[in-house]
Structure formats: C-alpha cells, structure tokens
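These figures come from a predicted structure and were not determined experimentally.
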Amino acid sequence: ASEPPPADCITPPSGGIFVRTENRPAAPPQNAPTRPMAQLPIVTYDDPVLSRTAEPIERLTDELRTLIEDMFETMYEADGVGLAAPQVGRSIRLFVIDADVLLEGEEDDPQALGQRVFINPEIVHMDPETVEMEEGCLSLPGLRDTVSRSQAIRIRYLDHEMAPQELELDGWNARVVLHEYDHLDGVLFTDRLTAFRRAMHAQDLKKIRTGKMHADYPLAPKS
Ligand code: ZN
C-alpha cells in the first residue's frame with residue numbers, strides 16, 4: 001500500500017508531489033544553453049515511430065545537443081522522469097532521465113543520478129530476479145499498470161559527450177532505464193502486459209489512438 005509513486009517517463013498520480021522548480025537541477029549537463037529551451041510535443045500511441053527499432057547515433061552534432069536540451073525541458077514540463085527520442089518523433093537511440101524525484105528527497109542518496117543522457121545504450125546484464133512496479137508513460141496519457149521487470153541491470157552507453165560509460169542500477173533507476181530502453185526497441189509498457197490486462201485498457205488505448213485522451217502537456221497531432 002505504501003508503494004512509491006509510479007515510474008518511468010511517468011506522471012505521478014497526484015501532480016503536486018513532485019515540485020518541479022525546487023527539485024530541478026540548475027542546468028542540463030551540457031554547456032549553458034544559448035537559446036531558450038523548447039517544449040516538444042509528445043508522440044502518442046499508436047504512432048508508428050513508437051513501434052520502430054531506433055537507429056544508432058554516429059556522432060554528436062549541435063542539432064543533437066539542442067534536441068537533448070529540449071528533451072529535458074519537455075520531460076520536466078510533463079512531470080516525467082524519463083523521455084526517449086522516439087517519444088518526440090525521432091527514431092534514434094537516445095533517452096534522458098532524471099528520476100531523483102522518486103527517491104523521496106534524500107539529496108545525498110547514493111542512488112541519485114541527477115540528469116543523465118544515454119546514447120546507444122546496451123543492457124549488458126539483467127538480474128533474473130524480477131520485481132513488479134506500477135508504470136505510466138507520457139506516450140500513453142492516463143494509462144498505468146503494474147509491470148514486471150528485472151530488479152537490477154548493468155548498462156553500457158555513451159554520455160552527453162559521447163564518452164563511454166557503464167552503470168549498475170537497481171530500484172527506480174533500473175526501472176526507469178528499462179522502460180526508456182524499451183522505447184528504443186519499439187516496445188511500450190503495455191506490450192509487456194498479459195493479453196487480459198491489455199484488454200482491460202482497450203477503451204483508453206482507443207481514446208489515445210484517436211486523439212481523444214487529454215494530457216497536461218502538448219501532444220503531437222494525430223496523422
Ligand atoms: Zn514511456
């Protein structure tokens with residue numbers, strides 16, 4: 001009953017818990033932006049870009065740096081803790097996270113990762129032990145359910161400067177990263193539910209698919 005609030009590129013159930021301005025780190029890991037950051041519209045189910053396998057990134061361009069800044073801005077404005085490039089219409093292997101709000105305010109928590117950029121990530125180890133946690137997704141507004149995933153992972157990736165990194169993650173960090181990683185392979189959390197559970201969401205999925213679901217952040221128009 002005292003489960004922490006949902007994970008992912010997730011909106012918490014009561015928007016007031018995660019106070020954005022206080023908790024938000026001062027600046028993204030890039031150099032200070034020379035332009036105002038932009039909030040990008042979020043692509044929703046069942047746009048084809050969300051089910052596509054995203055392409056690796058070959059080099060860091062100015063355009064990509066700008067995209068990363070805008071993805072952080074978009075994620076914070078939507079009260080999310082992670083955002084993958086396909087969710088803003090780009091089929092490239094990139095996601096950003098800042099899940100520290102899920103750590104309940106312990107600022108010196110060793111789990112606190114702050115803002116992280118993951119480029120061309122690769123999950124190199126998954127603990128066979130799984131854990132169930134409730135998830136939501138900015139691309140599936142209003143929909144949430146319990147998803148079973150590995151409780152701990154090791155991930156290799158390139159950071160915001162294209163430097164190779166490796167991290168061992170568990171708890172919320174592992175959860176958020178696995179959810180975002182799935183987006184790069186065209187997988188939504190609803191794809192991981194049983195057919196029965198998915199059927200329970202049929203009405204909401206239809207509303208999202210037909211553009212009738214409301215969200216508190218800008219959504220990309222339906223084509
Ligand atoms: Zn998501």
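- Contact check for His160 versus Val96: no side-chain heavy atoms found under the 4.5 Å cut-off.
- Summarising the geometry of Tyr181 relative to Pro121, their closest heavy-atom pair is CE1-O, 3.4 Å, with the distance given to 0.1 Å.
- The closest side-chain heavy-atom distance from Asp185 to Arg93 is below 4.5 Å.
- For Glu161 and Arg65, the salt-bridge test passes: some basic side-chain N is under 4.0 Å from an acidic carboxylate O.
- The structure places CG of Leu67 at 11.0 Å from CZ of Phe72, a figure rounded to the nearest 0.5 Å.
- Residues Thr190 and Asp145 have side chains not in contact (no heavy-atom distance under 4.5 Å, counting atoms from C-beta outward).
- Here the closest heavy-atom approach between residue Leu193 and residue His201 is recorded as CD1-CD2, 3.8 Å.
- The shortest heavy-atom contact between Gly82 and Val176 is CA-CG1, 4.4 Å.
- A heavy-atom distance below 4.5 Å is not found between the side chains of Leu219 and Met213.
- With a 4.5 Å cut-off on side-chain heavy atoms, Pro218 and Ile42 do not count as touching.
- A donor-acceptor contact shorter than 3.5 Å links the side chain of Asp100 to the backbone of Gly114.
- Between Glu180 and Ile97, the closest side-chain pair of non-hydrogen atoms falls below 4.5 Å.
- Applying the salt bridge (Lys or Arg N to Asp or Glu O under 4.0 Å) definition to pairs two or more places apart or across chains, those involving residues 148-159 are Glu135-Arg149, Arg149-Asp182, Arg154-Glu166, Arg154-Glu168, Arg156-Glu166.
- Hydrophobic clustering of Ile, Leu, Val, Met, Phe, Trp and Tyr side chains at less than 4.5 Å, counting indirect connections, unites Met126 with Ile155.
- Taking hydrophobic clusters as Ile, Leu, Val, Met, Phe, Trp and Tyr residues chained together by side-chain heavy-atom distances below 4.5 Å, Phe95 shares a cluster with Leu167.
- Between Pro86 and Arg52 there is no side-chain heavy-atom pair separated by less than 4.5 Å.
- Distance check, rounded to the nearest 0.5 Å: CZ of Arg209 to CG of Asp204 gives 11.5 Å.
- Between the side chains of Asp98 and Tyr76, a donor-acceptor pair is found at a separation under 3.5 Å.
- The side-chain heavy atoms of Phe189 and His183, taken from C-beta on, include no pair separated by under 4.5 Å.
- Note: Leu158 CG to Asn120 CG = 5.5 Å, rounded to the nearest 0.5 Å.
- Under the 4.0 Å criterion applied to side-chain N and carboxylate O atoms, Asp46 and Lys206 are not assigned as salt-bridge partners.
- Ala38 and Asp70 get closest at one heavy-atom pair: N-OD1, 2.9 Å.
- With values rounded to the nearest 0.5 angstrom, Gln115 atom CD is found 12.0 Å from Met71 atom CE.
- Crowding of Glu63 atom CD: a count of heavy atoms from other residues, nucleotides or ligands under 6.0 Å exceeding 12.
- The heavy-atom pair separating Ser148 from Glu132 by the smallest distance is CB-CG, 4.1 Å.
- Between the CG atom of Leu40 and the CZ atom of Arg90 there is a distance of 10.0 Å, given to the nearest 0.5 Å.
- With no hydrogens or angles considered, a side-chain donor-acceptor pair links Ser139 and Gln87 at under 3.5 Å.
- Among pairs with a residue in residues 210-223, none fulfils salt bridge (Lys or Arg N to Asp or Glu O under 4.0 Å), at least two apart in sequence or across chains.
- Distance check, rounded to the nearest 0.5 Å: OG1 of Thr210 to NZ of Lys207 gives 9.0 Å.
- Both Leu169 and Ile123 belong to a common hydrophobic cluster when Ile, Leu, Val, Met, Phe, Trp and Tyr are linked at side-chain heavy-atom distances under 4.5 angstrom.
- In this structure, Ser150 contributes its side chain and Asp127 its backbone to a donor-acceptor pair below 3.5 Å.
- Cluster membership check: Leu113 shares its hydrophobic cluster with Met133, using side-chain heavy-atom separations under 4.5 Å among Ile, Leu, Val, Met, Phe, Trp and Tyr.
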inquiry  = As a quick check of understanding, evaluate side chain to side chain contact (heavy atoms under 4.5 Å, CB included) for Ile57 and Met162, giving each step before the final call.
reply    = CA-CA 10 Å; Ile57 290 170; Met162 295 296 267; 4.2 Å; yes
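- Under the 4.5 Å side-chain heavy-atom criterion for grouping Ile, Leu, Val, Met, Phe, Trp and Tyr, Ile153 is not connected to Val131 through any hydrophobic cluster.
- Listed by chain and number, the residues in a ring pair (Phe, Tyr, Trp, His ring centres under 6.0 Å) with Tyr157 are Phe118 (sequence neighbours excluded).
- Across all their heavy atoms, Ala220 and Pro41 have their closest contact at N-CB, 3.6 Å.
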